[in-house]
There are 2 protein chains.
Amino acid sequence: MRITYRGDYALKAVLDLALNEGRVVTIHELARRADIPIKFLEQVLLDLKRGGFVESRRGKIGGYLLSKPAAKIKLGEVARFIDGPIEPITCVEKNYSGCTDIYKCVFRAIWVEVALATSNIIDNVSFEDLANQVRSHKREFEYSI
Amino acid sequence: MRITYRGDYALKAVLDLALNEGRVVTIHELARRADIPIKFLEQVLLDLKRGGFVESRRGKIGGYLLSKPAAKIKLGEVARFIDGPIEPITCVEKNYSGCTDIYKCVFRAIWVEVALATSNIIDNVSFEDLANQVRSHKREFEYSI
DNA sequence: ACAATGTTGATAGACTTAATAGAGAAATAA
DNA sequence: TTATTTCTCTATTAAGTCTATCAACATTGT
């Protein structure tokens, strides 16, 4: 699995929306806070919308918001949707049909293990978890002033 | 981490050499057995040589062989050398110096976890292990005839 | 000398990625 | 209505990566 800029931006955007759950956030705010080229972010947000992760409102008081509770959006879902399969090699991905002698390949088993270990991590973290981490970190930071 | 064809070929070549430890194997043999385009394999083997994994012999009875016991070559070493860092995102790689606010980034911790889980798997498998798996599989297969 | 083998650098073609540009459509407020 | 603000969509560019191939060269054993 490799996270591209596109993926990184998508995750940051969703996290920002999670931190602002209930509000509608404009693309300008998102772009500024997360330091993302706005035109690139447009594409990413459209993708996220098509993926069912966010909704949008047009017009003067428009912007973006999560289409479901942050608690129900897993890091892994977004990462896979934007950057593709987490499997480290094609022969381990779903629906792969090359390799007639899959059962002979000693590497395949390793890559399956790696994929499972990865999904075990990223599919068990929700954006609510992440938002809470940010919030508690911010609190800590303010106390320390 | 993403394994390219280049990486896959490299791993298969090293495994073949591990299965033929003690012998010198020509690039033709390697290419045929592992079904790899020979000119591409040339590059890969040169890389592996520069990486200190294999040695070569020129001339009429030349070919390639492992430069150390298969037991001392870990899958992870070769994979990293050919396909680059296993970290899923740049900010987790060694010597990365962007992100002034690394400590604020909740994603980073996740990617570190993923990288650790991955290396935990691939750095604990040697090519001797893999070769033995192939051998025992072959034995099974022959019994079953 | 000859034949088999590895060595090297160059390059082509397809694909991917990051970023930018510009015209369009919908909602709101005055 | 009209102006403004916002999202929507399609194209395009520039750079980089990946797979594969080619041609010329160097080394070794017989």
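Chain A is the first sequence line, chain B the second, and so forth, proteins listed ahead of strands; every chain is numbered from 1.
A:Leu65 and A:Phe127 sit in two unconnected hydrophobic clusters of ILVMFWY residues. Membership requires side-chain heavy atoms under 4.5 Å apart, directly or through other members.
B:Leu45 comes within 4.0 angstrom of nothing in the nucleic acid, heavy atoms only.
Considering only heavy atoms from C-beta on, A:Leu30 stays 4.5 Å or farther from A:Ile36 through its side chain. Looking only at side-chain heavy atoms (C-beta outward), A:Leu130 and A:Val134 stay at 4.5 Å or farther from each other.
No N or O donor and acceptor, one from the side chain of A:Glu42 and one from the base of D:dC7, sit under 3.5 Å apart. With hydrogens and angles ignored, a donor-acceptor pair under 3.5 angstrom links the side chain of A:Lys39 to the base of C:dG22. Interface remark: the A:Gln43 side chain does not form any donor-acceptor pair with the D:dT10 base, using a distance-only criterion of under 3.5 Å.
In this structure, B:Ile36 atom CD1 and D:dT21 atom P are separated by 13 Å, rounded to whole Å. Residue A:Ile38 contributes atom CD1, which lies 12 Å from atom C1' of C:dT20 at whole-angstrom precision. Between B:Ile89 atom CD1 and C:dT17 atom P the separation is 14 Å, expressed in whole Å. In this structure, the CZ atom of B:Arg2 is 11 Å from the P atom of C:dT16, given to the nearest Å. When the P atom of D:dC22 is taken as reference, atom CG of B:Leu41 falls 16 Å away, rounded to whole Å. Rounded to whole Å, the distance from CG on A:Leu46 to C1' on C:dA26 is 14 Å. Atom CG of A:Asp35 is separated from atom C1' of C:dA18 by 14 Å (rounded to the nearest Å). In this entry the distance linking CZ of A:Phe40 with C1' of D:dC7 reads 18 Å, nearest Å.
The side chain of A:Ser56 places an N or O atom within less than 4.0 Å of a non-bridging phosphate oxygen (OP1 or OP2) of D:dT8. Regarding contacts with the backbone of D:dC9, a side-chain N or O of A:Arg50 is found under 4.0 angstrom from either OP1 or OP2. Side-chain nitrogen and oxygen atoms of B:Lys49 include at least one within less than 4.0 Å of the OP1 or OP2 phosphate oxygen of C:dT7. Put simply, B:Tyr5 has no side-chain N or O that comes within less than 4.0 Å of OP1 or OP2 on C:dC15.
With hydrogens and angles disregarded, no donor-acceptor distance shorter than 3.5 Å links the side chain of B:Asp83 to the backbone of B:Ala79.
Taking the side chain of A:Pro37 as heavy atoms from C-beta on, and the options D:dT21, C:dA19, C:dT7, the nearest nucleotide is C:dA19. If you check D:dT8, D:dT19, C:dT7 against the side chain of B:Thr4, the one that comes closest is D:dT19.
Comparing A:Ile61 and A:Arg6 by the nucleotide of DNA chain C whose heavy atom lies nearest to each, the residue mapping closer to the 5' end is A:Arg6. Between B:Lys60 and A:Tyr9, it is B:Lys60 whose nearest contact on DNA chain C lies nearer the 5' terminus.
If you check the side chains of B:Lys74 and B:Ser126, you find no donor sitting under 3.5 Å from an acceptor.
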